[in-house]
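Presented below is the structure to which this report refers.
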Protein chains: 2
Amino acid sequence: MEQESRLAGTVRPGGRTAKVRAAVLQATQDELVERGFHGLIMDQVAARAGVGKTTVYRRWSTTAGLVADLMTELAEQSSPPPDTGTVDGDLRANALSVLGAITDPRLGATFQAVIAAATCDEEAAAALRAFYARRVADWAKVVDVAVDRGELPEGTDGPELIRAVSAPLYYRLVVTREPVDETIAAQAASRALIAARAGAFTTG
Amino acid sequence: MEQESRLAGTVRPGGRTAKVRAAVLQATQDELVERGFHGLIMDQVAARAGVGKTTVYRRWSTTAGLVADLMTELAEQSSPPPDTGTVDGDLRANALSVLGAITDPRLGATFQAVIAAATCDEEAAAALRAFYARRVADWAKVVDVAVDRGELPEGTDGPELIRAVSAPLYYRLVVTREPVDETIAAQAASRALIAARAGAFTTG
DNA sequence: CCCTTAATGGGATTCTCGTTCCGTTAAGAT
DNA sequence: ATCTTAACGGAACGAGAATCCCATTAAGGG
């Protein structure tokens, strides 16, 4: 039988399946905004998505899985960093991008939910890591370009510098839970840049 | 009756009450280490503490309350910052102190649990804020001393600088979930210091 | 257009968690 | 030592969430 495997039915990513997935993920986000991760219940997600409860359990099995899938979805929508022409502009753009994300009601609630879920679910933790690995790698390119332009010392660690820009913002969001605004974002970018120019981010 | 109010019984913080509280909080920490906040269940906490389930519900009512109380307890045990004689030493000591806390299995699990709880419970969020407000205020003093010694520019924002030292560590713990070690801690302290010396933390 | 079967949905069932009731234990005062 | 009553513990109860069963719908191949 050259027709091996799948001789039975076929995989069908057809319209319905995709529609259900989209509806459920959107409903998940809505529920997260209103109730947070701890208040996320399969039952209610299904009802809100206009989908059978059984379907949600079958495809995601747990609320943490739901949140992990949502984060994976967001990771694929990440937009590439702009090139503003200067490191200062690029780092500031990065800080504002993070600010926009955590300030947005839906995205902010989602991030906090994934962070909460990741503290006790490996799947969610993996999705979180994957999201930031990609994001940091994307933005690190602007640092390399800046080094080439001579704006930053040779050997400056791009990923580390990008992390240094966003760390204060997430720290406030999640740990001290203080409000975050443009001023804070600008300070974060500017302080990281000052340290980078002084060679604090060169490897070795 | 000049003997108004409490004419009935008396408050009794006696040995039993205190013992129960200690046993329950310890059991809570144990459970957090093994299952995380999402897996924290009143029932199991009570069993582990060798205490009636009713008692736990009566005194804490919810798992978030349990975690919040635990954090409040930890806040009271915080030790004052040492004076190493130089800002460099003091900031490094701060970074190592944070490192020690988040690396310790029990403390680390507790912090992550409180952070998770705070995303959807106001009581836990308040406990978290209170903890860091105190901690940051305590350590900010070393910055003021450094300014007096002339090691840092006049007007350097102490609390901000302290936050800048710990932000990268918590960012890794909670957001990117990368391992944190002495090297990372030292870098965090050193980078914040470099920026501070350059005047990046002066207010106004 | 018809057939096969992957995928869904409603509802019954089971199970776990949170709550309440009431008898028992022991802290603190006399 | 004794009494009062705050605080605790065991067990039964009820609500709500997770799981299972089976009839129904529709994607994709012929």
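Values below: all heavy atoms of this structure, side chains included; hydrogens, waters and symmetry mates excluded. What you see is a predicted model, and the numbers here were worked out from it, not measured in a lab. In what follows, chains carry the letters A, B, and so on, assigned in the order in which the sequence lines appear, proteins first and then strands, with residues in each chain numbered from 1.
- Contact between the side-chain N/O atoms of A:T54 and the OP1/OP2 oxygens of C:dG9 is not found at any separation under 4.0 Å.
- Computed from coordinates, the A:R35 CZ to D:dG16 P distance equals 13 Å when rounded to whole Å.
- Atom CD in A:E31 sits about 11 Å away from atom P in D:dA17, given to the nearest Å.
- The distance between atom CD1 of A:I41 and atom P of D:dT19, rounded to the nearest whole Å, is 14 Å.
- Using modelled atom types and a 3.5 Å distance limit, the side chains of A:S97 and A:R135 yield a donor-acceptor pair.
- Ranking D:dC8, D:dA17, C:dT8 by closeness to the B:R58 side chain, first place goes to D:dC8.
- Of the listed nucleotides (C:dA12, D:dC8, C:dC17), C:dA12 has the atom at the smallest distance from the side chain of A:K53.
- Rounded to whole angstrom, the span from the CE atom of B:M42 across to the P atom of C:dT19 amounts to 8 Å.
- The separation between B:D43 atom CG and D:dG10 atom P is 12 Å, rounded to whole Å.
- No side-chain N or O of A:D157 forms a donor-acceptor pair with one of A:T203 less than 3.5 Å apart.
- Of the candidates D:dT19, C:dG9, D:dG9, the closest approach to any side-chain atom of B:T55 belongs to D:dG9.
- Comparing A:G52 and B:Q44 by the nucleotide of DNA chain C whose heavy atom lies nearest to each, the residue mapping closer to the 5' end is A:G52.
- The CG atom of B:L173 sits 4.5 Å away from atom CD of B:Q112, with the distance rounded to the nearest 0.5 Å.
- The distance between atom CH2 of A:W60 and atom C1' of D:dA18, rounded to the nearest whole Å, is 17 Å.
- At C:dT8, one or more side-chain N or O atoms of A:R59 fall inside 4.0 Å of OP1 or OP2 (strictly under the cut-off).
- Listed pair A:Y57 / D:dA18 meets the phosphate criterion, a side-chain N or O lying under 4.0 Å from OP1 or OP2.
- Side-chain atoms of B:Y170 and B:Y132 include a donor-acceptor pair closer than 3.5 Å.
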